[in-house]
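Contents: one structure, followed by commentary.
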Amino acid sequence: MRYVTVVAYPAEEGINRLDRGVNELGLEYRAIHRMELLADDTVAMFAEGRGDVEGVRRFLSESPEVFEFSITGDEAGFFSYTRYAADDLTQLLMEDRRESSYLIDMPIEYTDDGGLRATYIGTETAFADVLSEQPAGVRIDVERTGPYTPGPRDVVSRLTERQREVLQTAVDLGYYREPREATHDEIAAATGLAETTVGEHLRKIEATVFSSLHVGTTDR
């Protein structure tokens, strides 16, 4: 079993109106946790974001492509459910995924330069299909690949891009050393985030990491 992480860059004409409108809001972070093509050719999407949540809410309420949506959270971090009309490219990509043997390790993350980062799990043959069957108008760059071994790499892949940045900074500054050599305020200064936001990220990081551990009991 192997994995390959790629970044897909759709051409300007390949970006649907809905995605383009949200991109223009300049959110700090976006990720897709689940996305399904429904029988009525609409797409149901569960996503995460950080930034102008009121702008997102306003845009979705005014968009004719959106049939229903719900948002919870605030600018520091929010989750959204959206059901919207599938454009031709989205429909083609999702139909191809149904017919392929690979799996996608969610979430799919938006990169700072306009790409979509996804990790596929499967065989080398399945990856060849991924890289060769993309429709016109989508450029694929391979970031990394190798044997897939659930463990620390898998846990880190479940963190958001910003959470990974906060974690790396915390480790570099000595936050997890004994005795502790850094504070939330120092991590905030290094990352440009608010101290409360750093605390929230660290709590989520620690919850993700510890929930992945399976601690058995010892016979007495």
So Glu143 and Val6, do their side chains get closer than 4.5 Å, heavy atoms only? no
To the nearest 0.5 Å, atom OG1 of Thr72 lies from atom CZ of Phe79 at 9.0 Å
With clusters defined by side-chain heavy atoms of hydrophobic residues (ILVMFWY) lying less than 4.5 Å apart, directly or transitively, does Val22 cluster with Phe46? no
Mind checking whether Val171 and Tyr176 have side chains closer than 4.5 Å, heavy atoms only? yes
Does the pair Ile187 and Leu202 meet the rule for a side chain to side chain contact (heavy atoms under 4.5 Å, CB included), with working shown? CA-CA 10 Å; Ile187 297 171; Leu202 289 174; 4.2 Å; yes
Under the criterion side chain to side chain contact (heavy atoms under 4.5 Å, CB included), I'd like the reasoning laid out for Ile121 against Met1: C-alpha separation, chi angles, the key distance, then a yes or no. CA-CA 7 Å; Ile121 301 170; Met1 181 167 52; 3.8 Å; yes
Quick one: do Arg203 and Glu200 make a salt bridge, cutoff under 4.0 Å? no
Taking all heavy atoms of Ile108 and all of Ala118, pick out the closest pair and write down the distance. CG1-CB, 4.2 Å
I want to check something: taking the side chain as every heavy atom from C-beta on, are His201 and Thr191 in contact at a cut-off of under 4.5 Å? no
Contact summary for Gln163 and Ile205, nearest pair of heavy atoms: O-CD1, 3.2 Å
Please lay out, stage by stage, how Asp105 and Tyr3 fare under the test side chain to side chain contact (heavy atoms under 4.5 Å, CB included). CA-CA 9 Å; Asp105 191 13; Tyr3 80 93; over 6 Å; no
Is the closest side-chain heavy-atom distance between Arg117 and Tyr110 below 4.5 Å? no
Does the salt bridge (Lys or Arg N to Asp or Glu O under 4.0 Å) test come out yes or no for Arg83 and Asp40, once each step is laid out? CA-CA 11 Å; Arg83 186 172 69 85; Asp40 60 358; 3.3 Å; yes
Here the gap from Leu173 atom CG to Thr183 atom OG1, rounded to the nearest 0.5 Å, amounts to 9.0 Å
Do Asp19 and Arg30 meet the salt-bridge criterion of a basic N to acidic O distance under 4.0 Å? yes
Is Thr169 reaching over with its side chain to a backbone N or O of Glu165, donor-acceptor style, under 3.5 angstrom? yes
Charged N-O contact under 4.0 Å between Arg57 and Asp52: no
In the structure I gave you, are the side-chain heavy atoms of Val7 and Tyr9 within less than 4.5 Å of one another anywhere? yes
Just how far is it from atom CZ of Arg50 to atom CZ of Arg162, taken to the nearest 0.5 Å? 4.5 Å
Looking only at heavy atoms, the pair that brings Ile140 and Ala8 closest together is CD1-CB, 3.5 Å
Decide yes or no for Val56 and Leu25: does some side-chain heavy atom of the first lie under 4.5 Å from some side-chain heavy atom of the second? yes
Considering non-hydrogen atoms only, spot the tightest contact between Val66 and Leu60 and give its length. CB-O, 3.7 Å
I'd like to know if Arg180 and Glu186 make a salt bridge, using a cut-off of under 4.0 Å between side-chain N and carboxylate O. no
Ring pair (Phe, Tyr, Trp, His ring centres under 6.0 Å) involving Tyr175 - partner list, sequence neighbours excluded: His184
Can a salt bridge be assigned to the pair Lys204 and Glu206 using a cut-off of 4.0 Å between side-chain N and carboxylate O? no
Any side-chain heavy-atom pair from Phe69 and Tyr81 closer than 4.5 angstrom? no
Check whether Tyr29 and Leu167 end up in the same hydrophobic cluster, where Ile, Leu, Val, Met, Phe, Trp and Tyr are linked by side-chain heavy atoms less than 4.5 Å apart. no
Does the pair Thr145 and Arg2 meet the rule for a side chain to side chain contact (heavy atoms under 4.5 Å, CB included), with working shown? CA-CA 7 Å; Thr145 186; Arg2 297 181 64 82; 4.1 Å; yes
Determine, step by step, whether Phe67 and Tyr84 satisfy the ring-ring contact (aromatic ring centres under 6.0 Å, His included) criterion, reporting the C-alpha distance in whole Å, the side-chain angles of both residues, the deciding distance to 0.1 Å, and the verdict. CA-CA 6 Å; Phe67 297 103; Tyr84 60 93; 9.0 Å; no
Report yes if the side chains of Met35 and Val43 come closer than 4.5 Å at any heavy-atom pair, otherwise no. yes
Gap between atom CD of Glu48 and atom OG of Ser80 - 0.5 Å precision: 9.5 Å
